[in-house]
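Only one structure is covered here, and it is reproduced in the block below.
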Amino acid sequence: MIRRITVRACGLVFLLTAIGVVFSGWTPLPSTGTDSGHEPGDRVESTGPAPTPEYAENGMVVSAKRRASEAGVEMLRKGGNAVDAAVATGFALAVVHPWAGNIGGGGFMVIRMPAGSVTTIDHREEAPSGATQDVYLDDEGNAVRERSRRGYLASGVPGTVAGLLKALDEHGTLDRETVMAPAIRLAREGFPLPHSLAEDLNDAYEDFAAFPPSKKYFTKGDSTKTYRVGEMFVQKDLAQTLIRIRNQGKDGFYEGRTAELLAEQFQENGGLIDEQDLAEYEAVERDPVSTTYRGYEVHSMGPPSSGGVAIAQLLNAAERKPIEKMGFNSSSTVHYLGETMRRVYADRAKWLGDPDHVEVPTEGLIQKDYMRDRMASFNSDRITPSDSVKAGQPMLASESMETSHYSVADSSGMAVSVTTTLNSGYGSKVVIDGGGFFMNNEMNDFVLKPGVPNLYGLSGTKRNLVAPGRRMVSSMSPTIVEDPQGQLFMVIGAPGGSTIITTTFQVIMNVIDHGMDIERAISAGRIHHQWKPRILSYEKNTLPQDVTWNLRARGWPVEMGVFGGIPRWGRAQGLRIKHPADPQGPSVTFHGSSDPRGTGAAVGL
Ligand code: GLY
C-alpha cells in the first residue's frame, strides 16, 4: 500500500506536461515560423524501439526540459514534497521553455494526496470582462480567426501564477523563496541555449518582429543576427517579474508593477485585459473526474477541460472489449478505438463548457452505461456512417452546477500531474515589455462562432462561446492512475492540442492492456480520430500496410499524420510506480519517460 512508503520515497512523484504544439486543423494556417506545429527539438518520427525508462528509488520529475526537471528534483533533495517540486518545475519551465512553459498562460493540476484523496486546481485562463463574441466577428458576422490567434485580442487572463501558488500554499511544504530560486537563477544568470531553442527562436524571428517587446527580448535585433548554440540566454526582466512574485506572492503578479505593465500594454494596443481582470483572477480547486478501468482507478481533470471526461468515456468503451487479445494496433483494435474516439469527440463538441457558466453533464457522460449505449451502433465490419455519428444524450437531471471542492493534506505519497500552456507555441507572440514573458492565445479555444473550428480543428457549440469571465474548453488531461490495490500506479499527461486526450488514453492502455513499460508505452505509435475531420490518423511506422488496408476495407478514410500528413503528436511525459511484491523487499521504484518525440527529461532522485 502507498501508506507504507516513506516521505522521501513517496512524496516525490511529479509530472509536468507543457503544451504548446499548434495544429491548423483542416483549415490552413499562415505558414509562418512557430505556427508550424513543431515544438523546439521535436524528433517527430521517432517511433522505434524505446530505451529503458529512467529509474529512481526516491522520486522523480518528468518534464519537457531537463533543467526544469532538475529544478523539481532540487526541491525533493531539500525535503520538499511533490507539490514543491511541481511548482519549482513550473516556474523553471517559464524560463527555459518559452515556447509553452509560462507565467502568461494557464493550465490544470491534479494532485494525489498520500492517503489517496485526489484534487485538482483549475488555473485555466479566463475571458477578460470586456470579451464578447462580437470582438471576434467582422461586420458581416464572420469569425476573424486571426484575432484569437495572434496579438492582443488573443489572450485570456493568465492563471498559471495563481494556480502554482495556490498549490504551494495549500499543499506544499517549502517557502516561495526556495521553490522559485531555480527559476530566478536561470532567468538572472542565464543558461546555455540548447540547439533546439536557439534554432527555434531564430526561426520565429518574423513572428516576434511584429511586436516590439517580443523583438527586444527574443531576437537579436535584426534577421541577420542569430542565436548560437551554447551562448548564455539571460532574461533580466523576467527575473525581476519572478522576484516580485517571490516577494509578494499572487499580488506580485496580479497587482502592482507586473499587473500595471501588462494592463497598460494591453490597453494601449487594443487588448481587453485590464487591471481589474487581473486582480479578480482566482485559481479554482475542483473535484477530479474519476472512473475505473479494469480495476484501476483513473483520476483526471474535469471541466472546463474536456480531458478527464473524454478519457473516462474512452476507457469505459475500451473496457467493453478484450483489447489485449485483440492486439496492439491490430485492425480490429484500431477500428473499435476509432469508432469510440469519433463518438467521444462528438460529445466533447456538444456538451463541454465552463461548469461555472453552463451546465455540463459530466456524471451522465462518464457513466459506464452511457458508453455502452453510445457503442450500440458499432459494427465490426464497417464504419458507422458519418452522418449518424452525432453527440449522445447523457443523463442531465442529477447534474450539479457546483463542482468546486477542496481536499487539503500534506504528507508522503503525493503525486502531481500538471498540464500547462500558452496554447500556440509562444502563445499570442506578444511579450510584456518590462515583464519579459509571453502571453497566451487561449481565446482561440473558445468557439468564435458555432461551426468555426479552432486551431486544432475542434468545434463546439454555444456552451463554449466567448463570454466575460468564462473559461474556454480545453483538452488538457493531467491524469493519475491507481492500481486495483489503491496504490499509486501512474502519472501521465501530454501536450498536443486535440491529440492530448487520445495520447493520454493510449499510453494508459499500452501499460494496462499491453503490459508495456512506461518508455515503450509512451514511444509506441498512436492513432487519432476527433470526429471532425472524418479522418482516422496514424503516426508513421504505427500501422502495417495490411492494417491500413483492412481499415480502408471497413470504410475508414485513413491518413498518416494528423490532418494531411503533418506529424503533430503529443509528447507525453509520464512515470510509473512499481510496488514490491514482497513488503519486506526493496522499496517502491519510480520509472519515468519523457517522450522520445521531444527533448524533455525524466530526472530521478
Ligand atoms: N490550448 C489547448 C487546450 O487547452 O486544449
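Read the numbers this way: they start at 1 and go in the same order the structure lists the ligands and their atoms.
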Worksheet item: Can you tell if the side chain of Asp122 reaches within under 4.5 Å of the side chain of Pro304, non-hydrogen atoms only?
Response: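 Answer yes - side chains close enough.
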Fill in: Numbering as shown, the atoms of ligand 1 that approach Arg124 to under 4.0 Å (heavy-atom distance)
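In order of numbering, the contacting atoms are 4 (O).
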Fill in: ligand 1 atoms in contact with Met476 (distance to a heavy atom under 4.0 Å)
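By the 4.0 Å cutoff, the relevant atoms are 4 (O), 5 (O).
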Discussion item. Looking at ligand 1, would Met472 count as a contact under a 4.0 Å heavy-atom criterion?
Written reply: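 Met472: no contact with ligand 1 (<4.0 Å).
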Practice prompt. List for me each residue that meets salt bridge (Lys or Arg N to Asp or Glu O under 4.0 Å) alongside Asp433, sequence neighbours excluded, and say none if there are none.
Written response: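 Partners of Asp433 by the salt bridge (Lys or Arg N to Asp or Glu O under 4.0 Å) criterion, ordered by chain and then number, come out as Lys216.
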Worksheet item: Which residues pass the salt bridge (Lys or Arg N to Asp or Glu O under 4.0 Å) test with Glu280, sequence neighbours left out?
Response: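 Partners of Glu280 under the salt bridge (Lys or Arg N to Asp or Glu O under 4.0 Å) test: none.
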Fill in: Cationic tip of Lys429 above Tyr426 ring, under 6.0 Å, 45° of axis
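Because its charged atom misses either the 6.0 Å distance or the 45° angle limit, Lys429 does not stack over Tyr426.
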Practice prompt. Could you tell me whether Glu125 approaches ligand 1 through its side chain, its backbone, both or neither, with non-hydrogen atoms closer than 4.0 Å?
Written response: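 It is neither part, as no heavy atom is under 4.0 Å.
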Item to complete: Could you check which of Ser475, Pro495, Pro304, Ser424 puts a non-hydrogen atom nearest to atom 5 (O) of ligand 1?
Response: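 The nearest heavy atom belongs to Ser475.
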Discussion item. I want to confirm something. Looking only at heavy atoms, which of Asp445, Thr420, Thr421 is nearest to atom 3 (C) of ligand 1?
Written reply: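 Selected option, by shortest heavy-atom distance: Asp445.
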Practice prompt. Decide whether Tyr136 and Asn142 meet the rule of one side-chain donor and one side-chain acceptor closer than 3.5 Å.
Written response: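 On atom types as modelled, these side chains do not qualify, holding no pair under 3.5 Å.
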